[in-house]
Amino acid sequence: MEALMEPGRVSERFSKLKGLAIAVAPHKGCGSSGGSGKSSCGSSAGSGDLPPDVWEKVKNHPCYSEEAHHHYARMHVAVAPACNIQCNYCNRKYDCANESRPGVVSERLTPEQAARKVLAVASEIPQMTVLGIAGPGDPLANPDKTFGTFDRVFKAAPDIKLCLSTNGLALPDHVARIKDFKVDHVTITINMIDPEVGARIYPWVFFRHKRYTGKDAAKLLSERQLEGLEMLTQAGILCKVNSVMIPGINDDHLVEVNKAVKSRGAFLHNIMPLISAPEHGTVFGLSGQRGPTAQELKALQDKCEGEMNMMRHCRQCRADAVGLLGEDRGAEFTTERIESMEVQYDAGKRQAYRDSVEVERSARRAAREQELLTLAGENSNRKILLAVATKGGGKVNEHFGHAKEFQIYEMSTAGAKFVGHRRVDLYCQGGYGEEDALAGVIRAINDCVAVLVAKIGACPKEELRKAGIEPIDQYAYGYIETSAISYYRGYLERLKSGAVADVERGDAVIRQGAFVEVGAPAGQAA
């Protein structure tokens with residue numbers, strides 16, 4: 001490792017980076033930097049950017065750390081079927097195996113079944129570090145089932161982080177209980193702070209035996225959400241806020257939401273695209289409400305990032321998802337199989353995996369910093385997007401035709417910045433390429449200058465080039481950020497020499513259709 005480093009120059013760069021970081025006040029969410037208000041403790045933060053106690057909470061949580069999501073897995077258990085509000089973008093399904101979006105599960109579980117499943121999964125997937133309860137309804141509308149599950153898991157496997165996602169209506173009533181059960185991470189979905197906007201998103205809420213509608217419902221919900229957020233941050237619990245971007249309804253308003261949640265101590269803000277395909281059966285889907293394009297979503301995230309750090313690696317998971325973000329291994333762990341398994345929970349094996357990940361992360365950071373030094377003399381303002389095919393580990397290690405998603409990085413002289421992902425249908429199926437799937441991939445990464453892959457065939461190479469996207473396989477199995485910086489440096493050199501033209505890319509399409517789970521034939525949606 002030392003042979004790769006130039007200690008003096010690298011230490012100088014680390015010192016400059018560290019000098020820009022503002023430490024997070026303990027248990028008070030993100031700090032801010034200068035007049036911009038931008039915080040320095042977002043999902044891309046590393047160990048040097050955060051107080052030690054906060055870093056311990058996020059370093060192996062794939063949702064709270066962009067770096068961690070390359071190495072660590074999460075699982076959700078579907079123990080909370082009831083919900084206390086109705087959202088126009090939601091349609092819960094309890095027996096659907098092929099659709100990937102919030103509110104969808106294959107089967108509901110009792111707390112006893114859920115706890116056994118957690119131990120079974122953790123025994124086979126040592127990278128699973130987080131148990132989340134996110135539905136398919138609202139965890140706090142089902143408090144006994146939610147906390148009953150947490151209690152059983154904490155007693156049997158205290159090394160697993162506990163996490164819940166809520167709409168926030170019942171949140172203030174349960175903050176003390178959340179703290180008592182050692183739940184360190186809570187996500188609140190906040191789509192508005194203006195009841196006029198909220199009335200277009202929520203038909204009704206049900207609170208303390210009474211149904212509220214219209215602006216009254218939205219006002220009550222917003223007040224409870226913000227109160228709960230403040231209570232959680234005061235209790236030292238990390239809070240992430242999710243917001244669904246709904247063009248024409250709350251897209252401009254989310255800037256105000258961003259400011260409001262930052263001022264109340266939110267750790268991260270995650271602005272997600274509306275999923276509104278008609279086949280999902282939601283009010284918005286059936287009414288023709290569109291979701292944002294890729295560039296519309298990125299522009300809003302960029303605008304809000306001026307106030308606080310954004311989460312951009314969310315996959316809008318099912319309520320029973322298992323595995324790394326971007327994959328779902330839930331079909332491997334059916335109730336029938338779990339009941340027949342002889343579960344052997346090995347905490348030592350799981351710790352050994354975490355130790356090996358930290359070694360890998362250190363090597364990756366060192367390689368990235370070394371590669372960044374090569375951009376030190378560049379003063380170009382040109383930014384480009386790159387798509388990357390990866391199956392984890394922070395490496396370019398996926399075949400183009402096997403990719404179910406592409407991770408997107410924005411390149412500048414500051415380095416590689418993760419800005420999102422694009423889900424796609426598999427191009428290679430049964431050893432053959434699907435032309436329709438290839439067209440879908442191109443639409444999904446149309447705003448990218450190049451795509452980095454471990455391997456790619458002649459036919460997709462040709463079609464990508466025709467679309468103005470350069471297929472690159474020379475960085476196979478290299479670290480993503482190191483490879484991306486190397487490509488970008490070469491791109492700038494070619495730009496200067498006139499070997500490539502400075503052409504702005506078009507917009508890209510965020511996939512709205514039902515995601516096909518691993519192992520299911522393409523096109524078979526629930």
Side-chain angles (χ1 to χ4, degrees), residues 1-5 44 46 60 62 65-73 125-127 313 315 323-327 329 352-375 384-411 415-424 426-428 431 433 438 441 444-445 448-461 464-465 469-491 518:
M1 184 63 61
E2 291 178 359
L4 296 174
M5 304 287 284
S44 61
N60 59 2
S65 167
E66 186 271 318
E67 185 181 88
H69 102 278
H70 294 289
H71 304 282
Y72 293 108
I125 306 179
Q127 61 265 47
H313 60 282
R315 301 310 198 271
L324 295 170
L325 300 191
E327 74 172 359
R329 297 177 58 181
Y353 174 82
R354 292 195 292 271
D355 292 342
S356 70
V357 165
E358 292 313 305
V359 173
E360 180 75 9
R361 288 169 88 168
S362 295
R364 178 183 166 198
R365 291 187 200 114
R368 179 186 64 207
E369 290 300 317
Q370 180 69 18
E371 195 67 38
L372 266 175
L373 294 173
T374 66
L375 292 176
I384 61 172
L385 296 183
L386 298 182
V388 179
T390 179
K391 52 186 175 184
K395 294 182 178 180
V396 183
N397 56 7
E398 183 66 283
H399 190 297
F400 175 84
H402 299 162
K404 300 182 293 296
E405 71 165 30
F406 290 88
Q407 297 190 5
I408 309 299
Y409 285 79
E410 182 178 71
M411 304 305 304
K417 175 183 177 182
F418 183 96
V419 294
H421 65 94
R422 312 282 169 75
R423 274 191 340 202
V424 297
L426 288 174
Y427 168 62
C428 286
L438 179 56
V441 172
I445 62 174
C448 296
V449 167
V451 55
L452 277 55
V453 300
K455 191 175 181 181
I456 186 170
C459 178
K461 268 188 177 182
L464 285 164
R465 287 185 177 123
I469 304 169
E470 189 175 13
I472 303 294
D473 56 9
Q474 72 188 68
Y475 299 109
Y477 303 99
Y479 291 121
I480 291 173
E481 291 157 300
T482 307
S483 303
I485 293 168
S486 177
Y487 172 85
Y488 176 68
R489 185 180 67 254
Y491 174 84
V518 177

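Atoms considered below: every heavy atom in the structure, side chains included; atoms not considered: hydrogens, waters and symmetry mates.
When side chains are defined from C-beta on, Val451 does not count as touching Val441, because their heavy atoms never get closer than 4.5 Å.
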(request) Walk me through it: do Leu452 and Ile480 pass the test side chain to side chain contact (heavy atoms under 4.5 Å, CB included)? (result) CA-CA 9 Å; Leu452 277 55; Ile480 291 173; over 6 Å; no

(message) Checking Lys461 against Asp473 for the side chain to side chain contact (heavy atoms under 4.5 Å, CB included) test, could you report, in this order, the C-alpha distance in whole Å, the side-chain angles of both residues, the deciding distance, and whether it holds?
(response) CA-CA 10 Å; Lys461 268 188 177 182; Asp473 56 9; 3.6 Å; yes

(message) For a side chain to side chain contact (heavy atoms under 4.5 Å, CB included) check, start with the C-alpha distance between Val396 and Ile472, then their side-chain angles and the critical distance, and finish with the verdict.
(response) CA-CA 10 Å; Val396 183; Ile472 303 294; over 6 Å; no

(message) Would His399 and Val453 count as a side chain to side chain contact (heavy atoms under 4.5 Å, CB included) here? Give the steps.
(response) CA-CA 6 Å; His399 190 297; Val453 300; over 6 Å; no

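In this structure, Gly415 and Leu372 approach most closely via the heavy-atom pair CA-CD2, 3.5 Å. For the residue pair Ile125 and Ala73, the shortest heavy atom distance occurs at CG2-CB, 4.5 Å. Residues Tyr475 and Tyr487 share a closest heavy-atom pair of OH-N, 3.3 Å. Closest approach of Cys448 and Ile469 over heavy atoms only: O-CG1, 3.6 Å. Listed here is the closest heavy atom pair of His71 and Gln127: O-CB, 3.5 Å. The shortest non-hydrogen separation linking Ala387 to Ile445 is CB-CG2, 3.9 Å.
Within the structure, salt bridge (charged side-chain N to carboxylate O under 4.0 Å, His left out) contacts touching residues 449-460 (residues at least two apart or in different chains) do not occur.
Distance check: Leu385 CG to Lys417 NZ gives 10.5 Å after rounding to the nearest 0.5 Å. The structure places CZ of Phe400 at 9.5 Å from SG of Cys459, a figure rounded to the nearest 0.5 Å.
Here Glu371 pairs with Arg489 in a salt bridge; the nearest charged N to carboxylate O distance falls below 4.0 Å. A salt bridge links Glu358 and Arg361; the closest N-O separation between the charged side-chain nitrogens and carboxylate oxygens is under 4.0 Å.
Exactly one of Phe418, Tyr409, Phe406 qualifies for a side-chain contact (heavy atoms from CB on, under 4.5 Å) with Val388. That residue is Tyr409. Looking at Arg368, Glu360, Lys395 one by one, the single match for side chain to side chain donor-acceptor pair (under 3.5 Å) with Tyr479 turns out to be Glu360.
Residues that satisfy the salt bridge (Lys or Arg N to Asp or Glu O under 4.0 Å) test with Lys391, not counting sequence neighbours, are absent from this structure. Every residue was checked against the ring-ring contact (aromatic ring centres under 6.0 Å, His included) condition with Tyr353, not counting sequence neighbours, and none meets it. For His421, there are no ring-ring contact (aromatic ring centres under 6.0 Å, His included) partners at least two apart in sequence or on another chain. Residues meeting the ring-ring contact (aromatic ring centres under 6.0 Å, His included) test with Tyr488, sequence neighbours left out: none. Partners of Arg354 under the side chain to side chain contact (heavy atoms under 4.5 Å, CB included) rule, at least two apart in sequence or in another chain, are Asn60, Tyr72, Thr129, Asp159, Arg350, Gln351.
Side-chain contact annotation: Tyr491 with Glu470, donor-acceptor N/O pair under 3.5 Å absent.
Between the side chain of His313 and the main chain of Gln407, no donor-acceptor pair closer than 3.5 Å is present.
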